[in-house]
Amino acid sequence: MPQYFGQLHTLDPSWSQIEAVKTVEVGDRHLLFNCGNADVKISLLADNLIRVRYSPSGDFLPRRSWAVTVEDQDWQPVQFQTHETETTTEIITEKIKIIIQHNPCRIQCYDLQNNPFAIDGELGFAWRQGLTAVWKKIEPEEHFYGFGERTGFLDKLGEIKTNWTVDSLDYDALTDAMYQAIPVFMALRPELSYGIFLNSTYWSRFDIGVEQPGIWRMETQAPELDYYIIYGPEPAQILNTYTQLTGRMPLPPRWALGYHQCRWSYESEIVVQEIAKEFRNRKIPCDVIHLDIDYMQGYRVFTWNEKRFPEPKKLIQNLSENGFKAVTIIDPGVKYEPEGNYAIFDQGLEQDYFVRKPNGQLFHGYVWPDKAVFPDFLNLKVQKWWGECHQTLTDMGISGIWNDMNEPALDDRPFGDKGTKITFPLDSLQGPPEERATHAETHNLYGLMMSKSSAEALLKLRPKERSFVLTRSGYAGIQRWSSVWMGDNHSIWEHLETSLPMLCNMGLSGVAFVGCDIGGFAGNATAELFARWMQLGILYPLMRGHSALSTAQHEPWVFGERVECICRDYLELRYRLLPYLYTLFWEATQTGSPILRPLFYHYPNDSKTYSLSDQVLLGSAILAAPIYRPGVECRAVYLPKGIWYDWWTKEPYSGSQYILAEAPLERMPLYVKAGSIIPLQPVMQYVDEKPIDSLTFKVFPGTGEGILYEDDGHSFEYIQGIYSTTKYQVSQENQALIIEIEPRQGQWTPPDREIIIDVVGVGEQRFQDDGQGKILRFS
């Protein structure tokens, strides 16, 4: 860690600090500052986006293809002005102003009202052996969010966050590095927000005011410091721009928004069939069953256990006939089996596809199949080969892949021998010759590239159907390839509580399709905990129940009739909300917006929302205030400005205040903003159970507008424009409420259906949907 002396916060002498600006070179979209002992390059990519690169050597690193999808020259040219004096260089775009102090060289950013942000601190940029860093000021009232996968509360002011993927078993509120390493955050204060993306795959770290109050620092073990500054002024604009940089999620199949049931492990096809039968007999909605590691033969990836799963194709066909999709787990460790009995090992060894030590020896570690070797997923040839291996699964009928243990997680001795977690040698080389890099640079990318291999393979192997990919580990841009779950949580109230800020911060890091294991993975949930978790779980973009080997069963019916009824009721609500949810997923593909949102996302000037970790918005219309503690049957709820309707009682409340909400075990407090129209479908046992023959627009009186996105839910025809959107709005005219459904736009036509306009507290009207729109008046 950096060392400081005295009140001036001078650096340890081992650090070198940047010298004064000596020359300035102005290009068509960048400025290059030579500072004697270092070069600084500032590229203007958009009106609200700049890229800053500090190079102590004067040489900038070659572009890497891994995370950033848009090269600097591919952005539309930005109009900017420069003004240079002896002491400063000033750059002005239509949205921001950047001032570069010449002596010492410091970068300062301002909005056009001269509000400062991302201002270099007294120490500025510095470097020493194996480390580059920059220090910046924390402005008054500034709060910090994002940082990828993080435990604890929503706001990360006063914390240190390390970006290095690790197997984070038994994590708690103080855990630092986790499964995902996404070095991006946003800072927020009234009237202004900005984002920082540290474009480094090496080990890196953010210190948000710990070592120096009022200063945040980022550092990386890369030989240069490369980062993007994104001006808001609101969080939505930051996410929009950041996901232009790192990509946006594809639209998942609609069934992936349904409920997923999983356990380590449903140990045989007989057990799987019994689980499926229970869901249907009990009329508890469910769409997906996951198969954990015990479906494999001796944990060999891309195999089936001949005794436990003798007829996998027949099993998956039977599941399909009953409305279930099957998702199989895949780990990166390939069993070391040189006797010639395992084709995956033989092929990888023959083609030299496994990671090697710097001396050329094959690297190995220990995971589920015991001694194992590991594919080099940075190599495009390996990605293609690994992807082709998935055909043994898709031929059986699987619809999705669940990538696990891909931080990578491995030990130095067989599991059960109390081994030490290790990683590949940091100086081992990975990737193709044209982009060869050490593991020190590529470690954080292992899960990302494994997910990329799976996603691209499923596109080829299932070309007519959208597939589902889930991963435990990833890096910036993982949203392009996979959904993400928060790893191995526990069946404790604290992990229920931390799930919301974890998922919200992932959404603020560009990853919208996220979830936590409902009920907790390790340990035994109580009936009350499971009921409360299922209530909250209907809000998770990825809704999956999962439990560990040797724990009690965690299916909804094992906790007694009362909890089973609660689970059924809330799952039915989840399925009714699918039109609303699916539209939020579509919006995420278009703008990078989160599906699950902290309140400040839509109320960034309301400082009361900045530290609210126990409330959440689903989209912009629905506000939830879950219960996180045993025995609690009421709680305080903060309602932002406006009028909010209680979902259950339909009672309106004025916002900008706290209210006391009743919350017996059967009720999670839910509210809808006035002026919202929530599209609802009939209850289904699974997403494609039957055509949607009626669509209800639930109207909450006020003034507002919204949109409904629709397509066939499973094919790729939407990419060719076969989808539709319907805009709607609600307004007040004297004593009347006017609901306008605009004509449907687009090339997709839904099946025949009835439209029900249900105005809360007023009444309803019905008509057949002809796509021509409608204007209705309620007095």
Peer 1: So that I can tick it off, tell me whether Arg472 and Asp488 are bridged by a salt bridge, with the cut-off set at under 4.0 angstrom between side-chain N and carboxylate O.
Peer 2: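 Result for this pair is yes, salt bridge flagged.
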Peer 1: Aromatic contact between Trp557 and Phe279, with the criterion being ring centroids under 6.0 Å apart: yes or no?
Peer 2: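 When the ring centroids of Trp557 and Phe279 are compared, they turn out to be within the sub-6.0 Å range.
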Peer 1: With a cut-off of 6.0 Å (strictly less than), are more than 12 heavy atoms of other residues, nucleotides or ligands near NZ of Lys277?
Peer 2: no
Peer 1: Between Trp264 and Trp368, is the ring centre distance below 6.0 Å?
Peer 2: yes
Peer 1: Taking only Lys NZ, Arg NE, NH1 and NH2, and the carboxylate oxygens of Asp or Glu, determine whether Glu456 and Lys384 approach each other closer than 4.0 Å.
Peer 2: no
Peer 1: For Tyr582, is the NZ or CZ atom of Arg254 found under 6.0 angstrom from the centre of its six-membered ring and inside 45 degrees of the ring axis?
Peer 2: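 Yes, a cation-pi geometry holds between Arg254 and Tyr582.
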Peer 1: Do Ile595 and Leu618 have side chains that get closer than 4.5 Å, going by heavy atoms?
Peer 2: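 Counting from C-beta outward, Ile595 and Leu618 do come under 4.5 Å.
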Peer 1: According to side chain to side chain donor-acceptor pair (under 3.5 Å), who are the partners of Thr498, at least two apart in sequence or on a separate chain?
Peer 2: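 If we apply the side chain to side chain donor-acceptor pair (under 3.5 Å) test to Thr498, skipping adjacent residues, there are no hits.
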Peer 1: Looking only at the side chains, is there a donor atom on one of Glu572 and Tyr570 sitting less than 3.5 Å from an acceptor on the other?
Peer 2: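 Side-chain D/A pair, Glu572 to Tyr570: absent.
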Peer 1: Side-chain donor-acceptor pair under 3.5 Å between Lys452 and Gln383, yes or no?
Peer 2: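 Per modelled atom types, Lys452 and Gln383 side chains form a pair under 3.5 Å.
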Peer 1: As a test of understanding, state which of Asp167, Ile330, Asp331 forms a side-chain contact (heavy atoms from CB on, under 4.5 Å) with Asp404.
Peer 2: Asp331
Peer 1: Tell me yes or no: between the side chains of Gln317 and Glu321, is some donor less than 3.5 Å from an acceptor?
Peer 2: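 There is such a pair (donor and acceptor under 3.5 Å, judged by atom type) between the side chains of Gln317 and Glu321.
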Peer 1: Does any non-hydrogen side-chain atom of Arg597 lie less than 4.5 Å from one of Leu584?
Peer 2: yes
Peer 1: Does the gap between the ring centers of Phe468 and His260 come in under 6.0 Å?
Peer 2: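 Yes, they do, as the ring centres are separated by less than 6.0 Å.
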Peer 1: Side chain to side chain donor-acceptor pair (under 3.5 Å) with Arg282: which residues, sequence neighbours excluded?
Peer 2: Glu278, Glu564
Peer 1: Would you say the rings of His490 and Tyr171 are close, in the sense that their centroids are separated by under 6.0 Å?
Peer 2: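 Here the rings of His490 and Tyr171 have centres that are no less than 6.0 Å from each other.
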Peer 1: Looking at every non-hydrogen atom in both residues, tell me the closest pair between Gly477 and Trp481 and how far apart they are.
Peer 2: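 Residues Gly477 and Trp481, closest heavy atoms: O-CD1, 4.0 Å.
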Peer 1: Would you call Lys418-Asp411 a salt bridge at under 4.0 Å N-O?
Peer 2: no
Peer 1: Would you please name every residue forming a side chain to side chain donor-acceptor pair (under 3.5 Å) with Arg480, sequence neighbours left out?
Peer 2: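 Not a single residue meets the side chain to side chain donor-acceptor pair (under 3.5 Å) criterion with Arg480.
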Peer 1: Can you establish whether the number of heavy atoms outside Leu549 located under 6.0 Å from its atom CG is more than 12?
Peer 2: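 Count over threshold, so yes.
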Peer 1: What I'd like to find out is whether the side chain of Glu149 reaches to under 4.5 Å of the side chain of Ile182, using heavy atoms alone.
Peer 2: no
Peer 1: Compare every heavy atom of Leu362 with every heavy atom of Lys357, then report the nearest pair and how far apart it is.
Peer 2: CE-O, 4.3 Å
Peer 1: Taking the side chain as every heavy atom from C-beta outward, state whether Ile518 and Tyr540 have any atom pair closer than 4.5 Å.
Peer 2: yes
Peer 1: Checking Arg544 side chain against Trp485 main chain: does a donor-acceptor pair fall under 3.5 Å?
Peer 2: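 Pair absent, no side-chain N/O of Arg544 close to backbone of Trp485.
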Peer 1: Between Phe345 and Glu337, what is the shortest heavy-atom contact and its length?
Peer 2: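 Closest pair (atom of Phe345, atom of Glu337, distance): CD2-O, 3.3 Å.
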Peer 1: Between Thr165 and Asn444, which heavy-atom pair has the shortest distance, and what is it?
Peer 2: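 Where Thr165 meets Asn444 most closely, the heavy atoms are N-OD1, 2.9 Å.
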Peer 1: Hey, does Asp517 have a side-chain heavy atom less than 4.5 Å from the side chain of Asn489?
Peer 2: yes
Peer 1: Please check this pair: side chain of Ser482 against backbone of Thr471, looking for a donor-acceptor N/O pair closer than 3.5 Å.
Peer 2: yes
Peer 1: Are more than 12 heavy atoms, taken from residues, nucleotides or ligands other than Glu339, located less than 6.0 Å from that residue's CD atom?
Peer 2: yes
Peer 1: Looking at Arg308 and Asp294, is any side-chain nitrogen of the basic one under 4.0 Å from a carboxylate oxygen of the acidic one?
Peer 2: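 A salt bridge links Asp294 with Arg308.
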Peer 1: Does Tyr686 reach the side chain of Asn322, with side-chain heavy atoms less than 4.5 Å apart?
Peer 2: no
Peer 1: Looking at Asp376 and Arg356, is there a salt bridge between them, counting it only when a charged N and a carboxylate O are closer than 4.0 Å?
Peer 2: no
Peer 1: Could you tell me if the ring centre of His364 sits under 6.0 Å from that of Tyr336?
Peer 2: no
Peer 1: Can you confirm whether the side chains of Gln535 and Arg532 place a donor and an acceptor under 3.5 Å from each other?
Peer 2: yes
Peer 1: Determine yes or no for a side-chain-to-main-chain donor-acceptor pair under 3.5 angstrom, with Ser168 supplying the side chain and Met178 the backbone.
Peer 2: no
Peer 1: Would you call Phe147 and Glu159 a side-chain contact if the rule is heavy atoms closer than 4.5 Å?
Peer 2: no
Peer 1: Determine whether the aromatic ring centres of Tyr446 and Phe377 lie less than 6.0 Å apart.
Peer 2: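 Yes, the ring of Tyr446 comes within the 6.0 Å limit of the ring of Phe377, centre to centre.
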Peer 1: Measuring only between side-chain heavy atoms, which start at C-beta, is Cys262 closer than 4.5 Å to Ile289?
Peer 2: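 No - every pair of side-chain heavy atoms lies 4.5 Å or more apart.
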Peer 1: Between OH of Tyr575 and CD of Glu689, what distance do you get to the nearest 0.5 Å?
Peer 2: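 The OH atom of Tyr575 sits 10.0 Å away from the CD atom of Glu689.
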Peer 1: Do we see a donor-acceptor contact under 3.5 Å between the side chains of Ser454 and Asn403?
Peer 2: yes
Peer 1: Taking the six-membered ring for Trp, is the centroid-to-centroid distance between Trp304 and Tyr295 below 6.0 Å?
Peer 2: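 Centroid separation for Trp304 and Tyr295: below 6.0 Å.
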Peer 1: For His290 together with His546, are the ring centres under 6.0 Å from each other?
Peer 2: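 Distance test on ring centres: not under 6.0 Å, no.
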Peer 1: Using a distance-only test with no angle check, is there a side-chain donor-acceptor pair under 3.5 angstrom linking Thr551 and Arg263?
Peer 2: yes
Peer 1: Measure centre to centre between the rings of Phe354 and Phe374, then say whether the value is under 6.0 Å.
Peer 2: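 No, too far apart.
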Peer 1: Looking only at non-hydrogen atoms, find the nearest pair between Trp164 and Ala177 and report the distance.
Peer 2: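 Of all heavy-atom pairs spanning Trp164 and Ala177, the closest is O-CB, 3.4 Å.
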Peer 1: Using a strict cut-off of less than 4.0 Å between a Lys/Arg side-chain nitrogen and an Asp/Glu carboxylate oxygen, indicate whether Asp176 and Arg205 qualify as a salt bridge.
Peer 2: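 Not counted as a salt bridge, because no side-chain N and carboxylate O are separated by less than 4.0 Å.
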Peer 1: Using every non-hydrogen atom in the two residues, find where Pro375 and Pro332 come nearest and quote the distance to one decimal.
Peer 2: CD-O, 3.1 Å
Peer 1: Indicate yes or no for a side-chain donor-acceptor contact from Thr303 to the backbone of Gln297 under 3.5 Å, with no hydrogens or angles considered.
Peer 2: yes
Peer 1: Is the distance between the ring centroids of Phe424 and His443 less than 6.0 Å?
Peer 2: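 Not close enough - the centres of the two rings lie 6.0 Å or further apart.
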